[in-house]
Amino acid sequence: GNSVTQMEGPVTLSEEAFLTINCTYTATGYPSLFWYVQYPGEGLQLLLKATKADDKGSNKGFEATYRKETTSFHLEKGSVQVSDSAVYFCAQHQGAQKLVFGQGTRLTINP
Amino acid sequence: GAVVSQHPSRVICKSGTSVKIECRSLDFQATTMFWYRQFPKKSLMLMATSNEGSKATYEQGVEKDKFLINHASLTLSTLTVTSAHPEDSSFYICSARETSGYNEQFFGPGTRLTVL
């Protein structure tokens, strides 16, 4: 079945460091890919998405590129801030199917 | 963007009582809503898919008689935790999918349930 695998957390970085959170997927077709962010005590917010191969999603300085050849959708940010501390979820879905989430990666940014 | 609300945001109840959680799509119509449960420091677990005007589809292992879902309109779905017990304490999150366009899901802010 379809699945999503994220890098193990937690991840702790200093402010202004470069961030990469790896995400790979398995799917029978060509899913849409998402990154969601969850701040403490809150629900999920869509951070960015990509619907087809080679698409790049971007928002708030975060980027991720849909790589069909490596079945990956790694999240990157060039200079993180303390306010980026949150849990990040990679997810996929195809058509009307349900969202499939990765296990989440907790990110802590220290000043 | 599309907004989904949940009410209440947190609730504390006694063991054996029932608790109802509402999920509303505020500015769009949602034929489909989803209910998730999230344990501390864990990912979201899909509990059920709720379609307007029909019975919900429950995921394997989720007790339909314990977690009652009603989706009576295109903007409202409710989850009732019946005869709650401490092990039902969790963070419950709903999402709603637009009826048209991309099929993107929009998430509510979550409801923290604590059963004493």
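Convention: sequence-line order gives letters A, B, ...; per-chain numbering from 1.
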Checking B:Gln6 against chain A: side chain, backbone, both or neither under 4.5 Å from a heavy atom?
neither
With a 6.0 Å cut-off (strictly less than), is the heavy-atom count around CD of A:Gln81, excluding the residue itself, greater than 12?
yes
Just verifying a value: how many Å separate A:Leu99 CG and B:Phe107 CZ, rounded to the nearest 0.5 Å?
5.5 Å
In the single-linkage hydrophobic clustering (I, L, V, M, F, W, Y; side-chain heavy atoms under 4.5 Å), do B:Val115 and B:Phe39 co-cluster?
no
Taking all atoms of both residues into account, what is the closest heavy-atom pair of A:Phe89 and B:Lys42, and its distance?
CZ-O, 4.1 Å
Got more than 12 heavy atoms from elsewhere within 6.0 Å of OH, A:Tyr30?
no
Once you round to the nearest 0.5 Å, how far does NE2 of A:His93 lie from CD of B:Gln105?
7.0 Å
Are B:Ile69 and B:Phe34 linked, directly or through other ILVMFWY residues, by side chains that come within less than 4.5 angstrom of each other?
no
Chain B contact via A:Gln38 - which portion, at a heavy-atom distance below 4.5 Å
side chain
Is atom NZ of B:Lys66 surrounded by more than 12 heavy atoms (other residues, nucleotides or ligands) closer than 6.0 Å?
yes
Side chain / backbone / both / neither for A:Leu44 at chain B, heavy atoms under 4.5 Å:
both
For chain A, which residues from residues 44-56 of chain B lie under 4.5 Å away (heavy-atom distances)?
B:Leu44, B:Leu46
With chain A as the partner chain, list the residues of residues 71-94 of chain B whose heavy atoms fall under 4.5 Å from it, by residue number, and write 'none' if nothing qualifies.
B:Phe91, B:Ile93
Hphob cluster co-occupancy, B:Met33 + B:Val62, side-chain heavy atoms under 4.5 angstrom
no
Please tell me whether A:Val11 and A:Leu75 are part of a single hydrophobic cluster in this structure, the criterion being side-chain heavy atoms less than 4.5 Å apart.
yes
Treat each ILVMFWY residue as a node, draw an edge where side-chain heavy atoms are under 4.5 Å apart, and state whether A:Leu33 and A:Tyr88 are in one component.
yes
Under 3.5 Å, side chain of B:Ser43 to main-chain N/O of A:Gly104, donor-acceptor pair present?
no
